[in-house]
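Side chains included, hydrogens not; waters and symmetry mates left out as well; all remaining heavy atoms used. In this chain, residues are counted from 1 in sequence order. In this text the structure is predicted, and so the values were computed from the model without any measurement.
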Amino acid sequence: MSLLERLPLPSQLGLLAVLGSGALLGGAYYFQYVVGLAPCEMCYWQRWPHMVVVAAGLLAAAAFARPRLALVLVLTAITALLVTAVLGAFHVGVEYGWWKGPQACSANVPRGLSAEQLKRHLFGAPLVRCDQTAWSMWGISMAGWNALLSLALAFVLSSGVANWVRSRR
């Protein structure tokens with residue numbers, strides 16, 4: 001029996017959460033620092049829940065002697081994954097123009113500005129806009145991939161939690 005198999009299922013699920021969110025964060029950092037795609041404000045919003053998932057997953061793995069605590073931490077990770085999936089889906093809507101994004105990172109220019117106010121607005125605008133897709137694969141942007149993969153990971157973790165709870169009855 002390997003060391004991994006000796007861990008209770010919630011701790012194993014915590015490690016899976018770390019690997020999944022760690023891979024998604026690693027991908028985001030790869031595109032930022034290796035490919036040179038600067039993230040927009042909403043891209044940063046989607047990273048914070050993944051950091052929560054990694055921290056909760058590591059703590060769940062470390063709490064192998066207390067499976068109920070590990071379970072609570074895995075549930076925290078699942079919640080954070082759902083939050084980043086919703087943020088990713090919202091970002092996709094902004095990219096495709098289905099709805100407006102935050103004023104701070106979209107191309108919305110308020111009307112009725114004087115020349116000086118318009119100049120200040122334009123110079124204060126971020127260089128990376130949330131309403132433009134910087135990269136896509138098979139027609140799905142990075143935000144879309146984040147939403148899909150985060151939902152898939154949340155589903156897998158939830159299934160594992162459900163199996164563990166059923167097995168303890």
**Q** If hydrophobic clusters are built by linking Ile, Leu, Val, Met, Phe, Trp and Tyr wherever their side-chain heavy atoms come under 4.5 Å apart, do Leu16 and Leu81 end up in the same one?
**A** yes

**Q** If we only count heavy atoms from C-beta on, is the Ser21 to Met51 side-chain gap below 4.5 Å?
**A** no

**Q** Hey, does the side chain of Ser114 reach the backbone of Gln117 with a donor-acceptor pair shorter than 3.5 angstrom?
**A** yes

**Q** Within the structure provided, determine whether Trp164 and Pro67 are in side-chain contact (heavy-atom separation under 4.5 Å).
**A**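 Sidechains of Pro67 and Trp164: in contact.
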
**Q** Got Thr133 and Ser136 here, is their nearest side-chain heavy-atom distance under 4.5 Å?
**A**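 Answer yes - side chains close enough.
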
**Q** For atom CZ of Arg66, is the number of surrounding heavy atoms from other residues, nucleotides or ligands below 6.0 Å larger than 12?
**A** no

**Q** For Phe31, look at atom CZ and say whether over 12 heavy atoms of other residues, nucleotides or ligands are found less than 6.0 Å away.
**A**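 Atom CZ in Phe31 is crowded, with more than 12 foreign heavy atoms closer than 6.0 Å.
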
**Q** Taking only residues two or more places apart in sequence, or in another chain, which ones meet Tyr96 in a ring pair (Phe, Tyr, Trp, His ring centres under 6.0 Å)?
**A**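 Partners of Tyr96 under the ring pair (Phe, Tyr, Trp, His ring centres under 6.0 Å) test: Trp98.
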
**Q** Would you name the heavy atoms of Ala85 and Ala147 that are closest together and state the gap between them?
**A**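 Nearest heavy atoms, Ala85 then Ala147: O-CB, 3.5 Å.
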
**Q** Less than 3.5 Å apart, any donor N or O on the side chain of Glu95 or Ser141 sitting next to an acceptor on the other?
**A**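 Their side chains do contain a donor-acceptor pair, which is all the 3.5 Å distance test asks for.
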
**Q** Side-chain contact, heavy-atom cut-off 4.5 Å: Cys43 with His91?
**A**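 Yes, side chains in contact.
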
**Q** Taking Leu153 as the starting point, is it possible to reach Leu9 by hopping between hydrophobic residues whose side chains are less than 4.5 Å apart?
**A** yes

**Q** Less than 4.5 Å apart, side chain to side chain, heavy atoms only: is that true for Leu71 and Leu13?
**A** no

**Q** Applying the 4.5 Å side-chain criterion to the ILVMFWY set and letting contacts propagate, would Trp48 and Val54 be lumped into a single cluster?
**A**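 In one cluster with Trp48: Val54, yes.
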
**Q** Decide side-chain contact (heavy atoms from CB on, under 4.5 Å) for Leu15 and Leu19; before the verdict, give the C-alpha distance in whole Å, the side-chain angles of both, and the deciding distance to 0.1 Å.
**A** CA-CA 6 Å; Leu15 288 176; Leu19 292 175; 5.5 Å; no

**Q** With rounding to the nearest 0.5 angstrom, report the OG to CG distance, Ser11 to Leu69.
**A**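 Answer for the OG-CG pair, Ser11 versus Leu69, is 9.0 Å.
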
**Q** Suppose we screen for ring pair (Phe, Tyr, Trp, His ring centres under 6.0 Å). Which residues come up paired with Trp145, at least two apart in sequence or across chains?
**A**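 Testing Trp145 for ring pair (Phe, Tyr, Trp, His ring centres under 6.0 Å), a comparison that skips the adjacent residues, returns Trp138.
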
**Q** According to a 4.5 Å side-chain heavy-atom criterion applied to Ile, Leu, Val, Met, Phe, Trp and Tyr, with indirect links allowed, do Ile140 and Met137 form part of one hydrophobic cluster?
**A** yes

**Q** When clusters are formed by joining ILVMFWY residues with side-chain heavy atoms under 4.5 Å apart, either directly or through shared neighbours, do Trp135 and Leu24 land in the same one?
**A**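 In one cluster with Trp135: Leu24, yes.
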
**Q** Any luck finding a side-chain donor-acceptor pair between Arg6 and Gln12 under 3.5 Å?
**A** no

**Q** Is there side-chain contact between Leu37 and Gln32, with at least one heavy-atom pair below 4.5 Å?
**A** no

**Q** Kindly give the heavy-atom pair with the smallest separation between Pro49 and Val83, and that separation in Å.
**A**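 Result for this residue pair: CG-CG1, 3.9 Å.
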
**Q** How are the rings of Trp99 and Phe90 set relative to one another: parallel (under 30°), tilted (30 to 60°) or perpendicular (over 60°)?
**A**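 Parallel: the ring planes of Trp99 and Phe90 meet at under 30°.
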
**Q** Quick one: are His50 and Asn146 in side-chain contact, heavy atoms under 4.5 Å?
**A**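 Side chain of His50 against side chain of Asn146, heavy atoms only: contact under 4.5 Å found.
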
**Q** Indicate yes or no: at least one non-hydrogen side-chain atom of Leu151 is less than 4.5 angstrom from one of Leu82.
**A** yes

**Q** Run the numbers on Leu87 and Met42 for side-chain contact (heavy atoms from CB on, under 4.5 Å), then give the verdict.
**A** CA-CA 8 Å; Leu87 290 171; Met42 292 180 73; over 6 Å; no

**Q** Quick one: side chains of residues 73-80, donor-acceptor pairs under 3.5 Å with protein atoms, not counting sequence neighbours, listed by atom name and distance.
**A**
from	atom 1	to	atom 2	distance (Å)
Thr76	OG1	Val72	O	3.0
Thr79	OG1	Leu75	O	2.9

**Q** Okay, side chain of Thr84, backbone of Gln46: is any donor-acceptor separation there less than 3.5 Å?
**A** yes

